[in-house]
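Reviewing the structure listed below.
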Amino acid sequence: MLELLNRPAIEVAPLVLGAVVRVGEVAVRITEVEAYMGEEDPGSHAFRGPGKRNAVMYGPPGHLYTYFTYGMHTCANVVCMPEGIASAVLLRAGEVIEGQSVAAKRRVTSQKSADLAMGPARLVVALGIRLDDAGANLQTGRVRLELPESQSPFSAGPRTGVAGEGGTAEYPWRFWIPGEPSVSPYRAAVKRKRR
DNA sequence: GTCGAGATTATCT
DNA sequence: GATAATCTCGACC
C-alpha cells in the first residue's frame, strides 16, 4: 500500500476514492477528496514552508494528517510522497457504511445518513477522529485506511473551500465519485468578510 | 435548490 | 492581532 501512496497527491487522490476509513466500530467509504501539492500549491498549508501544524505532511506516506481550522473544525488528510516532501490528500466526504448509529450519535445536527460525513469536518466528527490523532499510522494505528481492489470511476474539477489569493480553485484537484449522494454540493470558496 | 453571514480558537505573523 | 483546506442557520427562489 505504501508504494501506492508514495506518489504525488493528484495521483493518489483517485486511488483513495472508494477506499474505506475505519475507526473502531465506524467505517466510511470515501466519495470525495482534494489533492494538496505542498510548497508549490498556494492553497496548501505547506506553501509557506514547514511548521508545527504541517510537520506530518513532510513525513513518510501512509500517515494521518489532521489540523484544526476556523476554531471549531478538524480535517483529515492522507499523507503521500516520500519523507521530506509535503503532499497530502484531504478527505472531503464519504458514506457511513458501518457503525451508523454511533456516527449519528456524534453528529447532533444533520441526522440524515447522507449528511453524516458530507464535508471534511463532518467526516472527522462521524469517524471520531481527534486532533491528537495527527501522525498516526494508517496501517497499524487507531485509524485505518483500506484501499479498494479496483479503481472507482471518478470526476475531477476545481477545488472548493480554499480561500487563498489568486484563485487557488483554478486547479482541477478535487476528485469525487459521480452519483454519490454524500458528495458535498457546496459552493466555491467565498472570501471571508471581517467583522 | 442558492446565497449571505456569524461562530470560535489553534496557529502563524 | 489576523488568519483560516468549515459548518450551520436564516432568507430567498
Side-chain angles (χ1 to χ4, degrees), chain A residues 8-10 12-13 16-17 21 28 30-59 63-81 85-94 96 103-135 156-176 179-195:
Chain A
I10 53 173
V12 175
V16 177
L17 289 176
V21 178
V28 169
I30 301 302
T31 57
E32 184 184 2
V33 298
E34 265 177 31
Y36 283 87
M37 296 294 281
E39 297 179 357
E40 298 181 1
D41 178 1
S44 171
H45 286 159
F47 184 56
R48 290 182 177 84
K52 184 184 177 185
R53 175 171 60 171
N54 58 31
V56 178
M57 257 204 296
Y58 286 83
H63 287 237
L64 184 70
Y65 167 51
T66 58
Y67 64 90
F68 211 75
T69 188
Y70 284 96
M72 328 160 67
H73 304 295
T74 309
C75 297
N77 303 246
V78 176
V79 177
C80 42
M81 290 294 275
I85 302 178
S87 191
V89 174
L90 169 66
L91 307 179
R92 281 200 64 83
V96 179
K105 201 171 181 179
R106 295 186 178 121
R107 303 272 348 269
V108 185
T109 59
S110 298
Q111 291 289 313
K112 294 187 292 291
S113 62
D115 290 349
L116 279 177
M118 191 175 77
R122 293 170 173 182
L123 180 70
V124 166
V125 172
L127 278 171
I129 293 175
R130 298 185 304 267
L131 192 56
D132 53 8
D133 285 313
R159 290 190 302 195
T160 64
V162 181
E165 286 287 324
T168 53
E170 68 187 78
Y171 303 99
W173 291 347
R174 175 178 175 233
F175 303 84
W176 67 92
E180 285 289 335
S182 54
V183 173
S184 31
Y186 272 13
R187 56 197 105 116
V190 292
K191 271 190 179 175
R192 184 179 185 276
K193 285 186 179 179
R194 287 186 296 172
R195 283 182 292 155

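Letters A, B, ... mirror the listed sequences (proteins, then strands); counts begin at 1. Since this is a predicted model, take the numbers as computed values, not measurements.
Taking atom CE of Met57(A) as the reference point, atom P of dA5(C) lies 10 Å away to the nearest angstrom. We find that CE of Met118(A) is positioned 9 Å from P of dC7(C), with the value rounded to whole Å. Across the protein-nucleic acid pair, Leu91(A) atom CG and dA5(C) atom P stand 16 Å apart, rounded to whole Å. Residue Met72(A) contributes atom CE, which lies 9 Å from atom C1' of dG6(B) at whole-angstrom precision. In this structure, the CG atom of Asp115(A) is 11 Å from the P atom of dC9(C), given to the nearest Å. Rounded to whole angstrom, the span from the OH atom of Tyr171(A) across to the P atom of dA5(C) amounts to 15 Å. The separation between Tyr70(A) atom OH and dT8(C) atom P is 15 Å, rounded to whole Å. Distance CG (Asp132(A)) to P (dT11(B)): 11 Å, rounded to an integer number of Å.
Side-chain nitrogen and oxygen atoms of Thr109(A) include at least one within less than 4.0 Å of the OP1 or OP2 phosphate oxygen of dT8(C). For Arg159(A), no side-chain nitrogen or oxygen approaches OP1 or OP2 of dT6(C) to under 4.0 Å. Side-chain N/O atoms of Arg53(A) include none lying less than 4.0 angstrom from OP1 or OP2 on dA4(C). For dC7(C), neither phosphate oxygen OP1 nor OP2 lies less than 4.0 angstrom from any side-chain nitrogen or oxygen of His73(A).
Remark on DNA chain B: of its neighbouring residues Arg48(A) and Leu131(A), the 5'-side contact belongs to Leu131(A), judged by nearest-heavy-atom nucleotide.
Both thresholds, 5.5 Å between centres and 30° between ring planes, are not jointly met by Phe68(A) relative to the base of dA10(B), so the two rings are not stacked.
Contact record, Gly94(A) with Val28(A): CA-CG1, 3.7 Å, taken as the closest heavy-atom pair.
With sequence neighbours excluded, no residue forms a ring-ring contact (aromatic ring centres under 6.0 Å, His included) with Trp176(A). Every residue was checked against the side chain to side chain donor-acceptor pair (under 3.5 Å) condition with Tyr67(A), not counting sequence neighbours, and none meets it.
Looking at the side chain of Arg107(A), the nearest of the listed nucleotides dA7(B), dC12(B), dC7(C) is dC7(C). Listed nucleotides dC7(C), dC12(B), dA4(C) differ in distance to Lys52(A); the shortest reach to its side chain belongs to dC12(B).
A side-chain donor from one of Glu39(A) and Tyr58(A) sits under 3.5 Å from a side-chain acceptor of the other.
Nucleic acid contact for Phe47(A): none, since no nucleic acid atom lies under 4.0 Å from a heavy atom of the residue.
In this structure the side chain of Tyr70(A) never reaches within 4.5 angstrom of the side chain of Cys75(A), judged on heavy atoms. With contacts defined as side-chain heavy-atom distances shorter than 4.5 Å, the pair His45(A)/Tyr65(A) qualifies. Counting heavy atoms from C-beta on, the side chains of Leu127(A) and Val21(A) come closer than 4.5 Å.
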- Note on the structure: Parsed dot-bracket for DNA chain B after applying the Watson-Crick and G-U rules with both distances under 3.5 Å and | for other-strand partners is |||||||.||||.

